Number of protein chains: 2
Amino acid sequence: MSGVTTHIVDDDPAVRDALQWLLQSRGVLSQTWKSANEFLTFASRDLCGCLLLDVRMPGMSGIELFDRLRALDCRLPVIFLTGHGDVPMAVQALKDGAFDFVEKPYDANALVDKVLAAIECDGIRSARDGSILLLRQKLGQLTQREQEVMQRILAGKLNKVIADELGIAMRTVEVHRSHIFEKMHVRSAVELSQVLGLLGDKPES
Amino acid sequence: MSGVTTHIVDDDPAVRDALQWLLQSRGVLSQTWKSANEFLTFASRDLCGCLLLDVRMPGMSGIELFDRLRALDCRLPVIFLTGHGDVPMAVQALKDGAFDFVEKPYDANALVDKVLAAIECDGIRSARDGSILLLRQKLGQLTQREQEVMQRILAGKLNKVIADELGIAMRTVEVHRSHIFEKMHVRSAVELSQVLGLLGDKPES
DNA sequence: CCGGTGCCTGCGGAAATCCACAATAGTCAC
DNA sequence: GTGACTATTGTGGATTTCCGCAGGCACCGG
C-alpha cells in the first residue's frame, strides 16, 4: 500500500521541481514523473492521493493519459495544469471527471488548496471503494445456490415461494438463508438489503 | 405543469431570436427572457427542460442568476453561453454544477446536441425527484409513533425489542408495523428498506 | 355530545422464521 | 480412497410475525 502521495507528471524538470517544492513546503508528499508513459507503467488501481497532470507534453498528452487511467479503472482525482488551455478543453476535461483544471501560471496557494481538496476527496472515495470491495468479497464467498436464494430474499419472497421456484425443500432454503446471513455478516434480511444498497448506487462524488 | 421547455436568458434580442429559431428548427420548444431578473420572477422548482444562460448581462450576471436558482432549489440544468469567458470561470461554473459552458460564437449543431443532452438529463433527474417526493409524501402520512417504530424496524430490531424500547406492548408494535407497511405501500421490511434507500443517496448526476 | 383519529392493549390462531441434530449424495483435490 | 465442500432433506420445537376481533383512553372539531 503506497501512502497518500501527489503524483506530478510534467515534461519540464523546472516545473516538476517547483511543484514538488511547493507541495513539500505545505506538508504534501509528492512524486514526479517525466512523461505520461512513465507514470502509466506505475499506475495502478489502488493509488491514494491525487494527480497533477500537465496537458501538453511530448508523446502522450495529459488528456490521453487521463483517458487511459480511466480505462485502467484508476480513480485518482486529476488536476490538469496547462499553459495553453482553452475553455472547451477545460469543459471537456471536467465533464469527463477531472477534479480541476488550472492555467499556468498558477497561484501557488490556490493550487495547494486544490490539491488538498483533491486528496480529501480521494480519501472519501477510497474509503467507500474499500467497503464496496469488501462487500464484493463477501458476495464472492457465496455459493451459486446461495446467490440465487439471496436474490429472491431481496425480492421479498417467502421461503416457501423460493423453495417452490428453485424446486427444493423449504428446509434447504432455510439452511441457505442462514449461511447467507453468516457469510455476509448480517443478522436479518433488512440489514442485508441495506448493506447491498451501496452496490446499486452510482459512484459519483 | 409546464412542459419541457428550454429557457433562453440573454440581453441581446438578436441572440435570443437566433437561439430560439435554431432550437425550433430542431423541434425544441423554447421561451426567451430579457434579463436574469425577469426569469427569476418566473423560475420555480418544478420547471422541466434546460436553461441557456448568457454570462455577461447588464444587471444580474448569468453566474449570479445561477447561484440564486440553486438557492431556490431550482435544479434545471444550465448551459452557459458567453463571448468573454475564461478557463477559471468555466471551471468554477462546472464545479458548481453547471451542465455545460459554451463560448460564442457557438457551433449550432453542437449546441443543440448539448441542449438535447441537458433535457434528457433533466428528465431523468425530475423522474427521480418525483419518486422521492412521493416517498416523502408517504413518509409524511406516518404518525409520530409509526415513524419511531419504522426507524427501529429498519435497524433490524425484533418487535419484542421495539416494544421494550418504546415501553408499549408487542401487540401495539405489530399494529404500527402493519400500518406502516400499508401507508408506505410495501409488503415487507425488506421492501421498505429498499424503497427508503433512495433517500439516503446523494442526488448527483 | 358525538364522531373521527391516534394510540394502546389483550386473546387466540395461522403462518413463517430460526435452529439444533442428523443424514445422504455428488464433486474435487490430495 | 479419504476428506473438504456443497447441496439436499427430514424431524421437532422455540420464537416471531401477521392478523382478525374486541375493547379502552384521550383529544379535537362540529
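In the text below, chain A, chain B and the rest are named by the order of the sequence lines, each starting its count at 1. No experiment lies behind these values; they were computed from the predicted model shown.
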* Would you mind reading off the distance between A:Glu148 atom CD and D:dT8 atom C1', rounded to a whole angstrom? => 14 Å
* Just wondering, do B:Leu53 and B:His7 contact through their side chains at under 4.5 Å, heavy atoms? -> no
* **Of residues 157-170 of chain B, the positions that come close to DNA chain C - non-hydrogen atoms, cut-off under 4.0 Å** => B:Ile168, B:Ala169
* Summary of salt bridge (charged side-chain N to carboxylate O under 4.0 Å, His left out) pairs that have at least one residue in residues 49-62 of chain A, sequence neighbours excluded -> A:Asp54-A:Lys104
* By salt bridge (charged side-chain N to carboxylate O under 4.0 Å, His left out), which residues pair with A:Glu165, not counting sequence neighbours? -> A:Arg152, A:Lys157
* Is the closest basic N to carboxylate O distance between A:Asp129 and A:Arg125 below 4.0 Å? -> yes
* To do: Looking at every strand, decide which applies to B:Arg171 at a 4.0 Å heavy-atom threshold: base, sugar-phosphate, or nothing.
  => base
* So which heavy atom on A:Val91 is nearest to which on B:Ala90, and how close? -> CG2-CB, 4.2 Å
* Ignoring backbone atoms, test whether B:Arg145 places a side-chain nitrogen or oxygen under 4.0 Å from the OP1 or OP2 oxygen of C:dG6. => no
* Structure fact -> Expected list for residues 172-194 of chain B near DNA chain D, using heavy atoms below 4.0 Å, is B:Glu174, B:Arg177
* To do: Round to a whole Å and report the spacing from CD of B:Gln144 to C1' of C:dT5.
  => 16 Å
Residues 184-199 of chain A, side-chain donor-acceptor partners within the protein, below 3.5 Å, at least two apart:
| from | atom 1 | to | atom 2 | distance (Å) |
| --- | --- | --- | --- | --- |
| A:His185 | ND1 | A:Lys183 | O | 3.4 |
| A:Ser188 | OG | A:Glu191 | N | 3.2 |
| A:Glu191 | OE2 | A:Arg187 | N | 3.4 |
| A:Ser193 | OG | A:Val190 | O | 3.2 |
| A:Ser193 | OG | B:Ser193 | OG | 2.2 |
| A:Gln194 | NE2 | B:Leu154 | O | 2.8 |

* **A:Phe99 six-ring centre to B:Lys95 NZ/CZ under 6.0 Å and within 45° of normal** => yes
* To do: Using whole Å, report how far CD1 of A:Ile153 lies from C1' of C:dC18.
  => 12 Å
List the atom pairs, with distances to 0.1 Å, where a side-chain N or O of residues 170-180 of chain A and a protein N or O form a donor-acceptor pair under 3.5 Å, not counting sequence neighbours.
| from | atom 1 | to | atom 2 | distance (Å) |
| --- | --- | --- | --- | --- |
| A:Arg177 | NH1 | A:Asn159 | OD1 | 2.6 |
| A:Ser178 | OG | A:Val175 | O | 3.1 |

